[in-house]
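In what follows, a single structure is set out as structure tokens and then discussed.
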Amino acid sequence: MAASCWPASGFYREKKRNCSARTAIFDGGMMKNKEGEVANRPDNTAFTQQRLPAWQPMLSAGIVIPGFLVIGLVFIGIGVALFLGSQSIQVLESDYTGLNSNTPCYECSDASKKNCTCSIEFTLTKQFDGPVFLYYGLSNFFQNHRKYGVSRDYYQLSGDTAYFKNPSDSCSPYIYDSGVPIVPCGAAANSMFNDSFRLYQLVGGTKKPVPLDGKGISWWTDYNIVFRNPPLVNGSLAAAFNGTAKPVNWAKPAYELDTSDPSNNGFMNEDFLVWMRRAALPDFRKLYRRITQGDYAAGLPVGNYSLEISYNYPVIGFGGRKKIVLSNVSWMGGKNMFLGVAYLVIGSLCIVMSLVMLIVYAKYKFPEGDS
Amino acid sequence: MDKTDSKGAEVTDNTWEVKANCHHFHGQLRRKPFRCFRQRRNAENAVRSYRYTVLTFLPLNLYEQFQRFANIFFLLVVILQCVPAIATIPWYTTLLPLIIVLSVRGMKDLSADLARRRSDSQINSRPCDVLTPAGFTTLQWKDVCIGDVLRIHKDQIIPADLLLLCSSEPHSLCYVETADIDGETNLKYRQALSITHSELISDPAEEALSTFDGNVLCENPNNRLYSFKGDLYWRGKTHRLDIEHILLRGMVLRNTDCAYGLAIYTGSDCKILRNSGQVIVKKTQVEKDFNRVVIGIVLTLLLVAVLMAVGSGLFEYRVSPKMEVLSALGGGSTPVYRGFLAFWGYVILLSPSMPIALYITFEMIHVVHCLLIGWDLHMYWANNDTPAQARSKSLNEELGQVGHLLSDKTGTLTQNRLIFRQCCIAGDIYGSTSLSAEDAKPLDLSWNPYSYGGLHFHDQRLVDRLVKQQCPQSQEFLTSLVLCHTVMSEWKNGTIRYQAASPDEEALVVAARELGWVFLSRTRDSLTINALGQTLNYELLALLDFTSDRRRMSVLVREPGGGLKLYCKGADVVILERLQKDSPHQESTARALEIFAQGCLRTLCVAVRTVTEQQWQKWRDGLQEGEALVEELHGRMERELMLLGVTAIEDRLQDGVPEAISSLRQAGIKVWVLTGDKTETAVNVGYSCRLIDPDTNLLQGEELRQLLQSPTPEIRSFKDLDVWCIDNRPPWSKVTVVITGHQLADLMEEPEWGARFVALSNQCQSVLCCRVTPGQKAEVVRLIRKHTSSVTLAIGDGANDVNMIKTAHIGVGLCGVEGSQAVQNADFALSQFSFLCRLLLVHGHWSYYRICKFLHYFLFKTTAFALVHIWFGFFSGFSAQPLYETWFIPFYTIAYTSMPVQCLAIFEQDVSAEGCLRWAALYKTGQRRDLFSPATLAASLLYSVYTSLVLCLLPLGAFHSTALDYQTLAITVATSAVFTVTIEIIIQTRYWTKYNIAAICLSLALYFILTLIVHSKILHDKLPADFYFTGVIIIAFSDPVVWLTILLTTCTATLPSLTGLALNVVLTQSSKHRVHSMMLPTQVRRPGGFRRGGVLRHSSYAMSQGAGFGRLITSGTGLHATAPAQEGAEAAANGTKENNDKL
């Protein structure tokens, strides 16, 4: 008990035995004292004595170098898979902003023109495998600006009619239109993208419409949980929106967004939902339609196509661009070269690192072996 | 002493008036009208150290907490968040952690305060006897008022500062123990004024005391323990009072049946309570450095916010006006104003990078580390049932960085328990040191009725010779031991107790008693002993007391037979030169002295001389006439001695001290021993405790002075330490500097010398400072602190070490025999010196390792997660758009990342306890500050900047030109951040207990569960504006791209750390075994015994305890049946003064 500072012998392996031996010594020492005299004796538990059973991973060069190699190889594997996956994805991208006079939508780019349509024609020399997704893209549009993001009323969007009369202050300055509350209020709704597209296959001079499917393009949580239309008044959505104004930039009120499908109106309009889901970057694309029906369910066959654009949304004022993207998807979603390349780079880095370590290890180890 | 002073009025500042037995006067006493609440207390004796009441707890505690920079910072952030224009993240993100931090700390303060309350009420309810009109009544301490007359019984603690009126002892003397005040355990005496003594003694005592109507005018309460000014006005006369008449609160009455006193100062006015000043909170270097880092973070945060505001202003100036939506959102304000708002927005957004929970976690970890110190069975001393105790809760990591250990000697390295181990009588050596005291067969002393044990002397030969009375010389030897001393005896519970000023004397008298020569009692001029059952009475003619100059003491006695004998004992050098020329056994005695010295025993030579009546007469006449030359007269008596023998006393080292010191030295700790003892004693203890190697040269005296004084090239090279140390290492590492208090005092005067001395000392093996005063001990600590950057640790056990303990970075007190003063002032309390080794090498090393890791990791995890917002600002128009869901921010701090790092800080071990002790050199990492330095902090911050960049840019890159939205990005970045810091803690953790694994699993599980809850439908339905991430976790996590991005981001973010770990493994692993084999102690431990050629003999008393009772004995004060003694009080005064001087 005296030289308790001193371990009897042994180290890691004998640790446990030492401890028990020491405990025995302690107990022996206690026998001499009366029971009451050891009132302050600390508990002899693994926790208090800091000898909790523990796993101490002993890393060695033999684990670390192959470990890095394995990580590198796995990453390169993922990278190659992503890269090939991306390569196999067909993408057709077209900027239709109409900045140059030789572009089809040049006339429409003049903001004063209303209800302007233009069309882009393109030829597929190869079958475009389905399902094909149609995206629209905007650039230099700061949907991720903080003030833009907060400029909406979640209560209103969840169908709470109390906020139809009194929209939240966060919608400022798009709360009232000449005294009438705006529904849906806020900058996000007000700036909703309102170009529309129609796709035709040109078969022998006739335009064969390609059916575009607008169902299920939004998040199902948005569609089912977050956004709610106000309760119908007398079976009419329009009546429910009574006493409210449409957002100033909108051509039609919310309950008339889709005239073809009555259920696709109000806050349950899927284009609206897609737009309200903020983009992460100032350059973004959003899903517009899917081509899943009819003759085109398996994809777009070889041929000439025409995309008719109803050009409404002004972007040139802030230096933005609009584009339309046709793309098919693989297991990993759309085309994403960045991920594949990044995986390849990081994987190669790991392999280089493991080689460096191997060299360092050899250099440090063998001189010692000699001596 | 009762100077009746007619000019009492000359004292002007005596404004504190105490009227005895005049309760109503003190009831309405007004001291200073404007401090009325103090007034209320000054009449009572209750102490109040607690701070909070039910009503004041909340405001007071919050006030205290908001004095901390971090808390006030976050409070400001919360207030800022209430301004809608800049509330980039909602108020609850900051308030939630802040409330948790405040409440945890509040609970801690509350429990501490409750403990104080308990201890207060325990003290306040101690009983004491107060004189009331109905006689003495037992009341509680808190009921004592100024002016009350108290009765104190033997062994009671004095409840307030009292004026001693009278006592049951002759001359109203009373003995007190002052261990709680100055730490000294030897008895002091206080004496009442003779006027009160003679007038107030009555039977029963109440009679005279209740009519006592004295009036004391004295100075206001102060903290001077050793002075008191006042006057007693009684019956028209003025009596000057001083500290000799005062019993201080905290003293313990000893050897006195009862004492009566008048309460002068009560409660918080007592001198001892006035003395307990503000506790200086020591902070560790690590904490100070980290505070600087935190300030740096805040400044950086503000700077970044300014830059982001500029960016925002530019964006608002150049981009927004073109974009209808954004310009409308701007609301027509100028870009500058919007930039200004963005500044505050970014201050709020980046505020999580300031580690809010750090301080409270840091404190909690310190508390756990302190508990672990207290729980360590290896630092529990069963003999006195005391575990180690960490009194200061903030110094743990500094225990792992100690560079200089300053140790007291007596009671710290040694047990301060002196044991009579050997003796040499007439050339024969009795006893041996080869057996340790416990192992040897005890002597059969059953024939001796006065044997109470306590002898560690094992030689039956001597006992046989004594009992059979064969050896007159050994009888004479023991007679001299039993007569020549200044010990006082006392009967207690049927046994004899001895009170000695010097522990050496006590050891000798006890040894003589056990061997049959019993010292029974003494009066002023006689000694009664019992020699082998025969009671003898010696007349004491003269007692020539010990002084440090004389280094010997003598008694002149008249034997029962009538002969005169002078017994003398003293240091060998002094005695040997005073022997008769033909005194026998000189050679054999010299040999014995050598042997004893090698055994590190303290020796005293004992000699006798027969004195004739004429010599005695002549001497006495000389003494009465020419008092100027007392020394010379004494010297004339103490010569022509006949050597009887040599006693050898062991000043036993504490168990394990040599091992501990050699281990600490291996750990690179410079051990300095500071002692009030003599050089020889200190050096010998130094050798025996392996502080000094056997082949070490001592550098001392003139040599040292010259070395420090002369600016020779050699000295100059001190400045160029590296070169110097390589060139001269072999000789210098074998040098020990020995310096005395006088030299030290010279040293302090020349600042340059101090630097040189410390530089020199750092190259030497160790330093011994002998004959230093308590003040000088502290000076030495200050010297080291001034000239080196190393952490100092002072360890001591007595009141004389308190200065040093308080001055050093870390003070360690040993719960020794010398009272509790050292422990009271220490940061850590141990029972044994050897525990220090475990405290430093194991607990200190671990604490340092853990806390450094903890701080780095904490810094990393908070900054890496918060800095992301800077980079995202470049993509979101500097709009202070958070990249995380708002709920993620508080939960990240509270739930997702807090537990694993706490487990790391509690359980982590780089090397097992055995390993820490075995490879003491591992301790050097702390001394070199390897684990926590500006470089490591910068690396950590750089790494977190890198991580934040990766966390932001890789997901942005992956999401570029995809249809993935902001909320998916947010959860991708958040998940990557949680995974990254979790992997980082996995990399950092080397010691995986079940708690670590549980904490990590729980944190990750909490992340997914809490995110699911926050993203749930129910919460959104209730509060759509606060929970608008509904369903994101489900949709995002079903997208493989999100997972691939998380994997990529996490791996890239942790790649530097992983690479560092791997390179570390590769680089060190090959040489690991070599390092370890080098670290193994190669030193072969020599068997004890012959340590070196010329052993210094050491022969002295332990003089650290002040002068003995010699004058008191010769004057007869305090001894029953003696003549009245005017000089007695004087002697007492002098004696105590000497004691006081020691402080």
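In what follows, every chain begins at residue 1, and chains take the letters A, B, ... in the order their sequences are listed. Worth saying up front: this structure is predicted, and the values here are computed from it rather than measured.
- By the 4.5 Å heavy-atom criterion applied to side chains, L326(B) and F318(A) are not counted as neighbours.
- Heavy-atom pairs under 4.5 Å with chain A were tallied for L969(B), I1034(B), T1030(B); the largest tally goes to T1030(B).
- Contact annotation for A279(A): only backbone heavy atoms (N, CA, C, O) come within less than 4.5 Å of a heavy atom of chain B.
- At least one side-chain heavy atom of C1051(B) sits less than 4.5 Å from a side-chain heavy atom of F75(A).
- Aromatic rings from F141(A) and Y148(A) are positioned such that their centres are separated by under 6.0 Å.
- Of the atoms belonging to A87(B), it is backbone heavy atoms, and not side-chain ones, that fall under 4.5 Å from chain A.
- With hydrogens and angles disregarded, a donor-acceptor distance shorter than 3.5 Å links the side chain of Q143(A) to the backbone of W275(A).
- Residue contact with chain A, scored on non-hydrogen atoms closer than 4.5 Å, is absent for I997(B).
- For chain A, the option among K322(B), E324(B), Q654(B), Q881(B) with the highest count of heavy-atom pairs below 4.5 Å is Q881(B).
- Looking only at heavy-atom pairs under 4.5 Å with chain B, the residue among N249(A), T45(A), L287(A) that has the most is N249(A).
- If you tally non-hydrogen atom pairs under 4.5 Å between each of V319(B), L956(B), V842(B) and chain A, the highest count goes to L956(B).
- Under the 3.5 Å distance criterion, the side-chain polar atoms of S912(B) are matched with a main-chain donor or acceptor of G915(B).
- Using a 4.5 Å cut-off between heavy atoms, Y135(A) contacts chain B through its side chain alone, with no backbone atom that close.
- W220(A) has its side chain within reach of I1035(B): a pair of non-hydrogen atoms, C-beta onward, lies under 4.5 Å apart.
- Most heavy-atom pairs under 4.5 Å with chain A, from the set P1024(B), G1031(B), A963(B): that is P1024(B).
- Put simply, the side chain of N336(A) does not reach to within 4.5 Å of the side chain of L82(A), judged on heavy atoms.
- Separation of the F315(B) and F878(B) ring centroids does not fall under the 6.0 Å cut-off.
- Salt bridge annotation for R285(A)-E93(A): present, with a cationic side-chain nitrogen under 4.0 angstrom from a carboxylate oxygen.
- Among V325(A), V64(A), D160(A), the residue making the largest number of heavy-atom pairs under 4.5 Å with chain B is V64(A).
- When each of S961(B), P1040(B), A328(B) is checked for heavy-atom pairs under 4.5 Å with chain A, S961(B) comes out on top.
- Aromatic pair F284(A)/F142(A): ring centres not closer than 6.0 Å.
- Residue L281(A) touches chain B through its side chain alone, counting heavy-atom pairs closer than 4.5 Å.
- In this structure, the portions of F47(A) lying under 4.5 Å from any heavy atom of chain B include both its backbone and its side chain.
- For the options V1041(B), T993(B), L1048(B), heavy-atom pairs under 4.5 Å to chain A are most numerous at L1048(B).
- Contacts of M353(A) with chain B are made by side-chain atoms alone, with heavy-atom separations under 4.5 Å and no backbone atom involved.
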